[in-house]
Amino acid sequence: MKISFFLFLVITAFLLTSCNKSSKTTDTSIQNYAPVLDTSLDALDYVQLFKDAGLPIDNLIIVTSKDKNKSISSKESSFQSKVTFVDSRSQSFKENRYNDCFLEVYSEEESAILRKKLLETLSEFSMGQVLQVGSLILYLPSELTDNQVQQYKKIFYSFPYVLKNVTDAPPKETAILPSKKSTTASTESKTYVVGTDLAPGEYVLLKELDNSYFILKSAADNAGTDTKQHISTNRIVSVKKGDYLTVKGVYMKSIADSPILDISKQGMFKIGLHLNEGNYKIVVNSDSIVDFGIIELTKDASYQSSSIISTHVFSGTTTIHVANGEYLYVQGAHIETE
């Protein structure tokens with residue numbers, strides 16, 4: 001399917017117009033819709049958008065699930081499509097060497113997040129840039145100039161969205177938030193101002209609906225950046241007065257009222273509360289959508305880079321020592337119990 005860049009601009013303009021009007025209208029038929037990444041497109045469609053925008057792309061090669069390298073994923077249900085290509089301004093093109101750019105499409109955003117983390121640990125990709133948005137991965141080699149990379153980023157981060165009815169799936173009815181006795185986990189996001197709508201402290205966020213996540217805007221972050229984390233089972237987050245916490249598809253409990261968490265599944269655990277201090281064996285899930293797991297050990301739940309003690313991408317099994325007060329996040333794997 002070929003999509004012109006003009007159509008892409010029209011879709012984007014329509015969404016921006018819709019967003020501007022949504023705060024002024026009472027038309028619930030419009031308010032029930034939200035923009036989501038157009039997952040009907042494959043890798044070739046997305047690369048075509050780069051070409052339509054005028055980027056000098058050449059030598060497109062389509063990689064199918066049968067042709068793909070095992071390092072992508074051995075799970076056919078996750079990997080959708082891949083196209084490798086070369087920018088004609090690069091030295092690789094001039095020397096007729098090989099395609100050094102690629103775009104991959106996965107069926108789930110979690111797969112793309114894991115794929116990005118894996119690529120960033122591999123030496124052959126460490127010099128380039130690995131970009132991820134939704135279920136898409138874009139790799140750009142180091143020989144492209146900063147200006148050329150920015151041209152790709154501008155288009156990649158503006159890929160076409162479609163309007164989707166966010167009320168299609170009925171919400172469950174068992175969500176509990178700190179400020180209320182009970183409420184329904186909404187398919188729409190809700191933002192809390194810490195100190196006004198939500199008491200400062202630590203909270204356990206438990207997945208209630210599909211595509212659940214939280215976004216933390218820290219009052220101490222002078223750069224104005226947001227931390228967004230998707231939730232496959234649970235997360236722990238620490239918030240301070242003045243922070244903004246946005247949640248979707250989850251219910252929250254104060255860390256003091258934390259339920260017993262299933263450590264046989266992936267998730268985030270506080271040492272001394274959910275896990276005892278000591279050594280643990282971590283095993284990649286047999287049904288994982290990828291062939292590796294990720295463990296991250298932090299000294300708090302602020303999601304600041306300065307709080308990270310270690311991050312480890314591994315295959316098979318690994319061991320880790322954890323101390324009281326630390327936080328262990330396990331993804332694509334689980335803690336092996338006796």
Side-chain angles (χ1 to χ4, degrees), residues 15-16 18-19 22-23 28-39 106-114 116 132-136 157 159 161-219 221 224-240 242-255 257-259 261 265-268 289 301-303 329 331:
L15 291 175
L16 291 174
S18 299
C19 291
S22 62
S23 61
T28 57
S29 66
I30 295 177
Q31 293 175 343
N32 288 342
Y33 284 78
V36 297
L37 194 66
D38 187 354
T39 54
Y106 290 85
S107 61
E108 300 177 17
E109 184 171 6
E110 181 185 1
S111 301
I113 294 172
L114 288 171
K116 180 177 186 293
Q132 178 259 324
V133 59
S135 57
L136 309 181
Y157 291 132
F159 270 162
Y161 283 71
V162 294
L163 289 179
K164 180 179 180 181
N165 192 326
V166 296
T167 59
D168 286 343
K172 298 181 182 180
E173 300 179 352
T174 57
I176 300 175
L177 291 173
S179 58
K180 299 180 181 180
K181 291 184 178 180
S182 65
T183 186
T184 300
S186 175
T187 54
E188 297 181 356
S189 61
K190 181 175 178 61
T191 299
Y192 298 90
V193 180
V194 181
T196 301
D197 308 315
L198 188 68
E202 284 188 350
Y203 293 91
V204 179
L205 310 184
L206 298 149
K207 178 180 179 179
E208 184 72 7
L209 302 174
D210 291 336
N211 192 30
S212 60
Y213 62 81
F214 77 87
I215 301 173
L216 176 62
K217 172 63 177 70
S218 175
D221 187 357
T225 55
D226 297 340
T227 297
K228 181 176 181 179
Q229 298 289 340
H230 289 266
I231 303 173
S232 56
T233 50
N234 80 284
R235 285 277 191 169
I236 302 172
V237 61
S238 176
V239 292
K240 304 180 297 298
D243 289 351
Y244 289 83
L245 180 65
T246 300
V247 296
K248 178 182 177 182
V250 305
Y251 68 89
M252 297 190 292
K253 281 185 173 292
S254 169
I255 193 73
D257 300 320
S258 172
L261 300 178
K265 297 180 179 179
Q266 62 183 18
M268 186 172 181
I289 56 179
S302 65
Y303 294 89
Y329 175 63
Q331 185 171 357

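These numbers come from the heavy atoms of this one structure, side chains and all, not from hydrogens, waters or symmetry mates. The structure presented is a predicted model; accordingly, all values stated were derived computationally and were not measured.
- Panel note: side chain Glu109, backbone Ser111; no donor-acceptor pair is recorded below 3.5 Å.
- Annotation: Phe214 is not in aromatic contact with Tyr203 [ring centroid separation under 6.0 Å not met].
- To the nearest 0.5 Å, atom OG of residue Ser212 and atom NE2 of residue His230 are 9.0 Å apart.
- Judged by distance alone, with hydrogens and angles left aside, the side-chain atoms of Asp257 form no donor-acceptor pair with the main-chain N or O of Ser254 at under 3.5 Å.
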Next item on the list: Begin with the C-alpha distance, continue with both residues' side-chain angles, and end with the deciding distance and a verdict on side chain to side chain contact (heavy atoms under 4.5 Å, CB included) for Asn234 and Leu205.
Entry: CA-CA 5 Å; Asn234 80 284; Leu205 310 184; over 6 Å; no
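- A donor-acceptor pair is defined here as one N or O able to donate and one able to accept, closer than 3.5 Å; no such pair exists between the side chain of Ser135 and the backbone of Glu108.
- Between Val204 and Met252, every side-chain heavy-atom pair lies at or beyond the 4.5 Å cut-off.
- Rounding to the nearest 0.5 angstrom, the gap separating the CG atom in Leu209 from the CD1 atom in Ile231 is 11.0 Å.
- Atom OH of Tyr303 is separated from atom OG of Ser238 by 10.0 Å, given to the nearest 0.5 angstrom.
- Taking 4.5 Å as the limit, every side-chain heavy atom of Lys207 sits out of range of all side-chain heavy atoms of Thr233.
- Within 6.0 Å of NZ in Lys265 there are 12 or fewer heavy atoms belonging to other residues, nucleotides or ligands.
- Shown here is Tyr213, whose OH atom has more than 12 heavy atoms of other residues, nucleotides or ligands within 6.0 Å.
- Counting heavy atoms from C-beta on, the side chains of Glu202 and Val239 never come closer than 4.5 Å.
- No side-chain heavy atom of Ser189 sits less than 4.5 Å from a side-chain heavy atom of Val247.
- When all heavy atoms of Leu261 and Met268 are compared, the closest pair comes out as CD1-O, 3.6 Å.
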Item checked: Pair Asp243-Lys217, side chain to side chain contact (heavy atoms under 4.5 Å, CB included): steps then yes or no -> CA-CA 6 Å; Asp243 289 351; Lys217 172 63 177 70; over 6 Å; no
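- Here the side chains of Arg235 and Tyr329 are in contact, with some heavy-atom distance below 4.5 Å.
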Checklist line | Leu198 vs Val193, side chain to side chain contact (heavy atoms under 4.5 Å, CB included): CA-CA, chis, key distance, verdict | finding: CA-CA 6 Å; Leu198 188 68; Val193 180; over 6 Å; no
Check: Yes or no on side chain to side chain contact (heavy atoms under 4.5 Å, CB included) for Ile113 and Gln132, after CA distance, side-chain angles and deciding distance?
Finding: CA-CA 7 Å; Ile113 294 172; Gln132 178 259 324; 3.9 Å; yes
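- Figure legend: cation-pi geometry between Lys253 and Tyr251 absent, as NZ or CZ is not positioned both under 6.0 Å from the six-membered ring centre and within 45° of its axis.
- Looking at Leu216 and Val237, their side chains come closer than 4.5 Å, going by heavy atoms from C-beta outward.
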